[in-house]
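Here's the structure, in C-alpha cells; my notes come after.
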Amino acid sequence: MSSTIEPVLDPFALARTLSGKQLIDGQLVAPRSGRTFDVVNPATQETVGQAAWGDEADVAAAVAAAVKAQREWAKRPARERGKLVAECGRILDAHKEEIARLVTLETGKALRTESRVEAGVLSDAFTFFGGLAPELKGETVPFNPAMLTMTVREPIGVVGAIIPWNVPLLLMALKIAPAMVAGNAVVVKSAEEAPFAVLRACQLMQTVLPPGLLNILSGMGPECGAPLVAHPKVGKVTFTGSVETGKIVYKTAADKLIPVTLELGGKSPMIVMGDADVDKAVAGAVAGMRFTRQGQSCTASSRIFVHADVHDDFVAKLKAKVDAMVMGDPLDEATDIGAIVSRQQYDKVLNYIRIGEESPGATVLKCSALPADPKLGKGLFVQPALLVDIPRDSAPAREEIFGPVACLFRFTEYEDAIQAANDTEYGLAATIWTRDLKTAMDAVHRLEAGFVQVNQNLVVQPNLSYGGVKASGLGKEATLESMLEHFTHKKTIIINMG
C-alpha cells in the first residue's frame with residue numbers, strides 16, 4: 001500500500017486546509033459546536049489557522065467510533081496489525097518534510113535542527129512497533145500436569161492519549177503506535193499550541209487504517225481533555241505534560257480504576273567531574289539542554305554541576321558554543337534556534353531570567369543574539385541564558401522553566417554533587433561526565449532518575465526505555481515492554497484435561 005495523499009510543502013497552505021477540522025471515524029470534520037481558536041506562529045505572532053474547539057460532544061463521537069473500530073481490529077492477527085502500523089511508518093516517512101515544516105510553523109522550532117529530526121523519528125516509531133507485533137504472546141505455566149495453564153495478552157479497548165506541544169509528533173507516536181499494534185483503538189487530544197502537524201499525520205494514516213481506529217481532537221484541557229479521561233468507554237489514559245495536570249488526570253482515572261501512564265516534568269542534573277573531557281561535556285550540555293528546542297524539553301539538563309577544577313573553562317566554552325548558534329526564522333535553513341511556543345511561556349521564561357539577575361552572587365550570561373530581521377520583531381525569541389553560581393534554593397534552580405535557561409553550580413566533593421543532583425522532586429533524566437569507570441558506575445546507581453547516561457546525552461527514541469521516577473511520572477514508554485505492560489491485559493487460562 002502507499003499513500004494517495006500528495007505532500008504539501010507549503011505549511012501555511014496546509015494549515016489553512018486543516019483549519020477547523022478534527023479527525024473522527026476516518027473523516028476530517030468540524031467540531032459539533034462550530035467553534036475554533038487561533039493557532040499562532042511564534043516567530044511572527046501571525047495567525048496561521050484556526051483549530052477546532054472540541055468539547056464533550058466531539059469526545060463522545062470519537063470514542064463511539066473507536067469502540068466500534070476496536071472490536072474488529074482486535075480480531076485481526078497481531079502480525080497483520082503490525083504490518084498496517086509499519087505501513088503507516090512508510091507513509092509518514094514519505095511525507096516527513098511537509099510534516100516537519102508544519103510543526104515548525106506552529107511550534108517555532110527550527111526546521112533543520114529540530115523538526116526534521118522529529119519527523120524522522122515519528123515514522124521510525126511506527127516501523128519499530130509494527131515489527132514488534134509477533135511479540136504479543138503469552139506463556140505456558142507449569143501449574144499442574146493435569147491442567148493446561150497459559151496466559152494470553154489481550155487489548156484494553158479504547159486508549160485516550162493526551163500529548164504536549166514541545167515534541168508532539170514523537171510523543172504521539174510513542175503512545176498510539178504500540179497501542180494500535182496491541183489491538184486497541186485510540187483517541188488523541190492534541191496540544192492547543194500544536195494541533196496541525198499531528199492532525200496531518202493522523203490524516204495520512206487513514207489511507208491504511210480502518211475508519212475510527214485512530215481519532216484526533218483539538219481543544220482546551222477542561223472542555224476536551226477532561227471529558228476524554230472521564231469517558232466510561234476509555235479504558236486507559238496515557239498523558240505527557242505538566243505535573244499539575246498529570247495529577248488531575250491520575251485522580252480522574254483513579255475514580256474509574258483504569259491504568260494510567262504519566263510522563264511529567266523534569267529538572268535534570270548533569271554532573272561534570274574534574275577528570276571529564278571538557279569539550280565533550282560542553283557539547284553534551286548543548287545537546288542536553290536542548291538549546292535547539294529553546295530548552296523546551298522535559299529532559300533538559302537544566303542543572304549543571306561542574307567540578308571547580310574545570311568550572312571556569314567549562315562555562316567559557318559553553319557560552320562560546322551557544323554564542324555561535326544562530327537564532328532566527330525557524331523555517332530558514334540557517335537557523336539553529338527558533339522561538340518560544342507561546343506568549344505565556346515566553347513571559348514565564350523571562351521572569352525566571354529576571355529572578356536570576358536579581359539573585360545574590362549569581363552571574364547571568366546571555367548567549368547568541370536576537371534576530372535582526374524586522375519581520376521577526378514581534379516573535380517570541382529569548383536569548384539562551386546561563387545562570388552561573390545561582391543559589392541552589394532559588395526558584396530557577398528548583399522549578400522547571402521549560403526554556404533556554406541553564407543553572408550552573410560549582411562543586412569540589414563528589415558526594416555533594418550526588419546529593420545536590422538528587423535534591424529535587426523530579427527524577428526524569430540525569431547524566432554524569434567522567435573518565436573514571438568506578439565513579440560512573442557508582443553514579444548511575446545512585447542518581448534518582450529513570451533515564452541515566454554517562455558521557456552522552458541522547459534524546460528519547462524507539463527501543464530506549466523512557467520514563468521517570470518521583471514526580472516525573474509513572475510507567476515507561478518506547479519499548480516492547482511498554483507495549484505489553486501498558487496496552488494489554490494479561491489473562492490466565494486454565495483447561496482441566498482430567
Side-chain angles (χ1 to χ4, degrees), residues 11 15 18-23 31 35-42 47-55 58-59 62 99-100 102-109 114-115 118-119 122 159-176 186-203 214-229 237-246 248-249 261-266 290 293-298 330 338-346 348-349 380 400 402-403 460 473 477:
L18 296 171
S19 281
K21 297 293 190 294
Q22 303 181 108
L23 182 68
R35 294 189 299 165
T36 62
F37 59 91
D38 289 344
V39 179
V40 176
N41 177 358
T47 298
V48 296
Q50 286 76 40
W53 197 320
D55 59 19
D58 300 290
V59 169
I99 294 173
L102 188 54
V103 79
T104 291
L105 180 66
E106 61 188 355
T107 65
K109 297 193 300 184
E114 279 290 328
S115 298
E118 185 185 358
L122 165 72
V159 173
I162 301 176
I163 59 176
W165 47 259
N166 62 323
V167 201
L169 297 166
L170 169 60
L171 295 177
M172 181 178 74
L174 295 181
K175 299 178 188 307
I176 67 175
V186 186
V187 178
V188 179
K189 191 274 180 188
S190 63
E192 296 92 318
E193 297 86 353
F196 290 143
V198 288
L199 176 59
R200 178 61 167 177
C202 291
Q203 179 195 23
L214 174 60
N215 309 271
I216 182 165
L217 309 174
S218 54
M220 306 301 163
E223 295 170 312
C224 188
L228 177 60
V229 176
V237 175
T238 172
F239 169 85
T240 299
S242 70
V243 174
E244 293 74 19
T245 305
I248 296 172
V249 170
T261 303
L262 301 174
E263 197 272 281
L264 308 177
R290 316 286 186 251
R293 199 186 301 165
Q294 297 82 256
Q296 297 170 143
S297 170
C298 296
I340 300 294
V341 72
S342 67
R343 173 66 62 179
Q344 179 182 7
Q345 191 64 23
Y346 174 82
K348 175 184 174 183
V349 172
L380 305 178
E400 185 177 36
F402 228 66
V460 59
E477 294 185 300

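We number each residue from 1, following the sequence as shown. Values reported hereafter were calculated over all heavy atoms of this structure, with side chains retained and with hydrogens, waters and symmetry mates removed. None of the values given here were measured: they were computed from a predicted structure.
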Original post:
Does L174 reach the side chain of V460, with side-chain heavy atoms less than 4.5 Å apart?
Top reply: yes
Original post:
How far does CD1 of I248 sit from CZ of F239, to the nearest 0.5 angstrom?
Top reply: 8.5 Å
Subject >> side chain to side chain contact (heavy atoms under 4.5 Å, CB included) partner of F196, the single match among L105, I99, L18 >> reply: L18
Subject >> Side-chain donor or acceptor of T245 paired with backbone N/O of G241 under 3.5 Å >> reply: no
Subject >> Residues E114, V103; criterion side-chain contact (heavy atoms from CB on, under 4.5 Å); working and verdict >> reply: CA-CA 10 Å; E114 279 290 328; V103 79; over 6 Å; no
Original post:
Counting N and O atoms only, with roles assigned by atom type, does the side chain of Q294 sit under 3.5 Å from a partner on the main chain of A339, one being a donor and the other an acceptor?
Top reply: yes
Original post:
Any idea which heavy atoms bring E400 and C298 closest together, and the distance?
Top reply: OE2-CA, 3.8 Å
Original post:
So which heavy atom on A62 is nearest to which on N215, and how close?
Top reply: O-ND2, 3.6 Å
Subject >> N/O donor-acceptor pair under 3.5 Å between S190 side chain and P195 backbone >> reply: no
**OP:** Evaluate the side-chain contact (heavy atoms from CB on, under 4.5 Å) criterion for residues M172 and C202: first the C-alpha distance (whole Å), next the side-chain angles of each, then the deciding distance (0.1 Å), finally the verdict.
**Re:** CA-CA 10 Å; M172 181 178 74; C202 291; 3.8 Å; yes
Subject >> Close side-chain approach of I176 and L214, heavy atoms under 4.5 Å >> reply: yes
Original post:
Under the side-chain contact (heavy atoms from CB on, under 4.5 Å) criterion, do Q22 and L199 qualify, and how do the steps go?
Top reply: CA-CA 7 Å; Q22 303 181 108; L199 176 59; 5.6 Å; no
Original post:
Is the closest basic N to carboxylate O distance between K109 and E106 below 4.0 Å?
Top reply: no
Original post:
With a 4.5 Å heavy-atom cut-off, do P31 and K21 have their side chains touching?
Top reply: no
Original post:
Can you tell me how far CD of Q50 sits from CG of D38, rounded to the nearest 0.5 angstrom?
Top reply: 5.0 Å
Subject >> Derivation of the side-chain contact (heavy atoms from CB on, under 4.5 Å) call for Q345 and F402 >> reply: CA-CA 8 Å; Q345 191 64 23; F402 228 66; 3.3 Å; yes
Original post:
Got a second to check how far L170's CG is from E477's CD, nearest 0.5 Å?
Top reply: 9.0 Å
**OP:** Identify which one of T240, V186, V188 satisfies the side chain to side chain contact (heavy atoms under 4.5 Å, CB included) criterion when paired with K175.
**Re:** T240
Subject >> Charged N-O contact under 4.0 Å between E223 and R35 >> reply: yes
Original post:
Side-chain contact, heavy-atom cut-off 4.5 Å: I163 with V198?
Top reply: yes
Original post:
Ignoring hydrogens and geometry, is there a side-chain-to-backbone donor-acceptor pair from Q203 to L23 under 3.5 Å?
Top reply: no
**OP:** Looking only at non-hydrogen atoms, find the nearest pair between L264 and G246 and report the distance.
**Re:** CD2-CA, 3.9 Å
Original post:
Which heavy atom in P330 sits nearest to a heavy atom in T104, and how many Å separate them?
Top reply: CB-CG2, 3.4 Å
Original post:
Are the side chain of S218 and the backbone N or O of A52 linked by a donor-acceptor pair below 3.5 Å?
Top reply: yes
**OP:** Kindly indicate whether the side chain of V229, heavy atoms from C-beta on, has any atom under 4.5 Å from the side chain of V237.
**Re:** yes
**OP:** Answer whether the closest heavy-atom distance between the side chains of L217 and V59 falls below 4.5 Å.
**Re:** yes
**OP:** Specify the closest pair of heavy atoms between V341 and Q296, including all atoms of both residues, with the distance to one decimal.
**Re:** N-OE1, 3.1 Å
**OP:** Report yes if the side chains of V39 and E192 come closer than 4.5 Å at any heavy-atom pair, otherwise no.
**Re:** no
**OP:** Please report the shortest heavy-atom distance between W53 and D58, naming the atom on each side.
**Re:** O-OD2, 4.3 Å
Original post:
Taking C-beta and beyond as the side chain, do N166 and L171 meet within less than 4.5 Å on heavy atoms?
Top reply: yes
Original post:
E193 side chain to W165 main-chain N or O, any donor-acceptor pair under 3.5 Å?
Top reply: no
**OP:** Would you kindly say whether T238 and T261 are connected by a side-chain donor-acceptor distance under 3.5 Å?
**Re:** no
